[in-house]
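Following: one structure in structure tokens, then a few remarks.
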Amino acid sequence: MIKLSDTITAIATGMNQGGIGVIRVSGENAIAVADSIFVPKKKGKEIRNLDSYTAAYGNIVDKRKLNSNHSVLDESVNVQNYDNRENDINIEENNFEIIDEVIVLVMKAPSTYTKEDVVEIDCHGGMQVMKQILHLIIQNGARLAEPGEFTKRAFLNGRIDLSQAESVMDLISAKSDLAAKTALSQLKGNLRDKIMEIREEIIHNIAYIESALDDPEHYDLDGFGDTLDTLLSQKEQEINHLIQTAEDGQMMKEGIRTVILGKPNAGKSSVLNVLMGKERAIVTDIAGTTRDTLEEFISINGIPLNIVDTAGIRDTEDIVEKIGVDKSIEAMQNADLILFVVDSSTPLDENDYQIMEQIQDRQVIILQNKSDLQQVVSKEDITSHLDKMIIDISAKEQTGFDTFYQELNDMFFHGNLSYNDEIYITNMRHKEALMEALSSIKMVRESIAAGMPEDFLSIDLMAAYERLGYIIGESVEDDLVETIFREFCMGK
């Protein structure tokens, strides 16, 4: 059975070759376990002798190679018993098997990530070396950590709340500057502080109602309903604002679902290549080259885009191309943003008009491509059928894209992508909890307006309090906690 009292360990860096690897050990016996396999270069630098947040240089060794008469943790086998040159320890004379040359960092509770004793071993980044060290640590009393167990312990030990724990994974998986900054804001506790502020005011009023019902001589409820309604009106606005940030928050985290549409040979793949900054899609003069959707994640001036290049939309008898066209239409229906690429060097045709008809009510930026050629399509020709922002570009000459980037910025983030301290909701679990809390607050206000007794008010107030607590982990089921941390990577 998994116990929180266990000492745990895992490789904290990526599971691949690298210059440096980090192995993390956390728990009550972390220092003793790490000390049993570490021999410092200098006497007195044993892990057990180090102050918190200090490091030592030495070697990870397998002490089982010492002597068959000694156990790994036998106190009679102590590196200090092997005197050599003044302060140096000669490992070869000790008959240790050297696994790697390392630096160890000791961090003592409670001032650590997990609020437990933590040792981090900086070794060489070869997978075989890291596995050998990890195996030695496990043999000497630790167990392999579950995914996310270090962060889970930080949560359970009260160092961070659940919203901060979730932001750790968001920070690790961030694909853009905005996503990273938003995750870091939540990791610093901005969302937690706001939720706790609202909850404190709610619980204060619940306590007042309960006190007044128990002791009406000393607590007066006259006019209390009006005062509470004024407060809840303000809280309703604050929660509404948080909910309204969820759409932008999801885009920051996951990227704006962006689909490039157009008839065959309009230049869609060329546009994708410009946005990517490399030749990602095949470009030819042959219409219908793209037969399937091509998806990429890119960040443009910090704006994250999940961008999809699609097959040209047209009526076709080619079975394979028709499948590609159907996929293009499906991608269009699920898009946050459509980039409609128009070939301005050829007249609009039925394929263009068909696309325009289908995207009338969508978020669209029209990219009038091939502006480097003789223009036969005017802006008026397009806006008479589709009244959307039009930007002249040339994918070949890579011109006009700065204007597109600014329009993208204005469309989705109200013209302000410079990061500030505003709280963005990036987690659907948080949004759902906020909506449920908002619903309970509205019910309280309706009860006040209907003149309901105060004990009815406290029921819905408590419901709002608990749903807000769900965000920071104070009113959450154990199964949900397990599910959240199961999504983490090993070693975090």
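Below, all heavy atoms of this structure are taken into account, side chains as well, without hydrogens, waters or symmetry copies. From a predicted model like this one, the values you see are computed outputs, not experimental measurements.
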Closest non-hydrogen contact found for Gln186 with His430 is OE1-CE1, 4.2 Å
Note: Ile202 and Ile441 closest approach over all heavy atoms is CD1-CD1, 4.5 Å
Q. Counting N and O atoms only, with roles assigned by atom type, does the side chain of Asp336 sit under 3.5 Å from a partner on the main chain of Arg257, one being a donor and the other an acceptor?
A. yes
Heavy-atom closest pair (Met356 atom, Phe340 atom, distance to 0.1 Å) is CG-CE2, 3.7 Å
Exercise for review: Please tell me if the side chains of Ile60 and Phe38 come closer than 4.5 Å, counting only heavy atoms from C-beta onward.
Suggested key: yes
Using only atom types and a distance under 3.5 Å, with no angle test, would you say the side chain of Ser439 pairs donor to acceptor with the backbone of Glu436? no
Could you check whether any side-chain heavy atom of Ile472 comes within less than 4.5 Å of a side-chain heavy atom of Leu162, counting everything from C-beta outward? no
Determine, step by step, whether Asp460 and Lys442 satisfy the salt bridge (Lys or Arg N to Asp or Glu O under 4.0 Å) criterion, reporting the C-alpha distance in whole Å, the side-chain angles of both residues, the deciding distance to 0.1 Å, and the verdict.
CA-CA 9 Å; Asp460 290 320; Lys442 287 181 176 179; over 6 Å; no
So that I can tick it off, tell me whether Asp193 and Lys188 are bridged by a salt bridge, with the cut-off set at under 4.0 angstrom between side-chain N and carboxylate O. no
Test side chain to side chain donor-acceptor pair (under 3.5 Å) on Asp51 and Thr54; report intermediate values, then the result.
CA-CA 6 Å; Asp51 293 330; Thr54 57; 5.7 Å; no
Closest heavy-atom pair, Ile355 versus Gly262, reported as atoms and distance to 0.1 Å, is CD1-C, 3.6 Å
Looking only at heavy atoms, the pair that brings Met332 and Arg362 closest together is O-NH1, 2.9 Å
Query raised in the report: Do the rings of Tyr405 and Phe401 sit parallel, tilted or perpendicular, given the 30° and 60° boundaries?
Result: tilted
With the threshold set at 4.0 Å, does a side-chain nitrogen-carboxylate oxygen contact exist between Arg467 and Glu432? no
Query raised in the report: Between the side chain of Asn427 and the main-chain N/O of Arg429, is any donor-acceptor distance below 3.5 Å?
Result: yes
Review point. Can you find a heavy atom in the side chain of Val274 that is under 4.5 Å from one in the side chain of Phe404?
Key: no
Only pairs under 3.5 Å count here: list side-chain donor-acceptor contacts from residues 365-374, not counting sequence neighbours, and write none if there are none.
| unit_1 | atom_1 | unit_2 | atom_2 | d |
| --- | --- | --- | --- | --- |
| Gln368 | NE2 | Val377 | O | 2.6 |
| Asn369 | OD1 | Ala395 | N | 3.0 |
| Asn369 | ND2 | Ala266 | O | 3.1 |
| Lys370 | NZ | Asn265 | O | 3.0 |
| Lys370 | NZ | Asp343 | OD2 | 3.2 |
| Ser371 | OG | Ile393 | O | 3.0 |
| Asp372 | OD1 | Ser394 | OG | 2.8 |

Can Tyr113 and Thr151 be said to form a side chain to side chain donor-acceptor pair (under 3.5 Å), step by step?
CA-CA 8 Å; Tyr113 183 67; Thr151 305; 2.7 Å; yes
- Query: Quick one: is the NZ or CZ of Arg153 closer than 6.0 Å to the six-membered ring centre of Phe485, and within 45° of its axis?
  - Reply: no
Paired with Ser26, the side chain to side chain contact (heavy atoms under 4.5 Å, CB included) test is passed by just one of Asp117, Thr9, Thr114, namely Thr114
- Message: Does Gln237 form a side chain to side chain donor-acceptor pair (under 3.5 Å) with His241? I'd like the steps, not just the answer.
- Response: CA-CA 6 Å; Gln237 291 177 27; His241 177 73; over 6 Å; no
Practice task
Would you sort out whether Glu149 and Arg143 count as a salt bridge (Lys or Arg N to Asp or Glu O under 4.0 Å), showing the intermediate values?
Solution key: CA-CA 12 Å; Glu149 190 169 0; Arg143 68 164 170 81; 2.6 Å; yes
Inset, instruction - Taking the side chain as every heavy atom from C-beta outward, state whether Leu468 and Leu434 have any pair of such atoms under 4.5 Å apart. - result: yes
Side chain to side chain contact (heavy atoms under 4.5 Å, CB included) with Val118: of Ile31, Leu105, Thr112, Val25, only one passes, and it is Thr112
Heavy-atom closest pair (Ile103 atom, Ala55 atom, distance to 0.1 Å) is CG2-CB, 4.0 Å
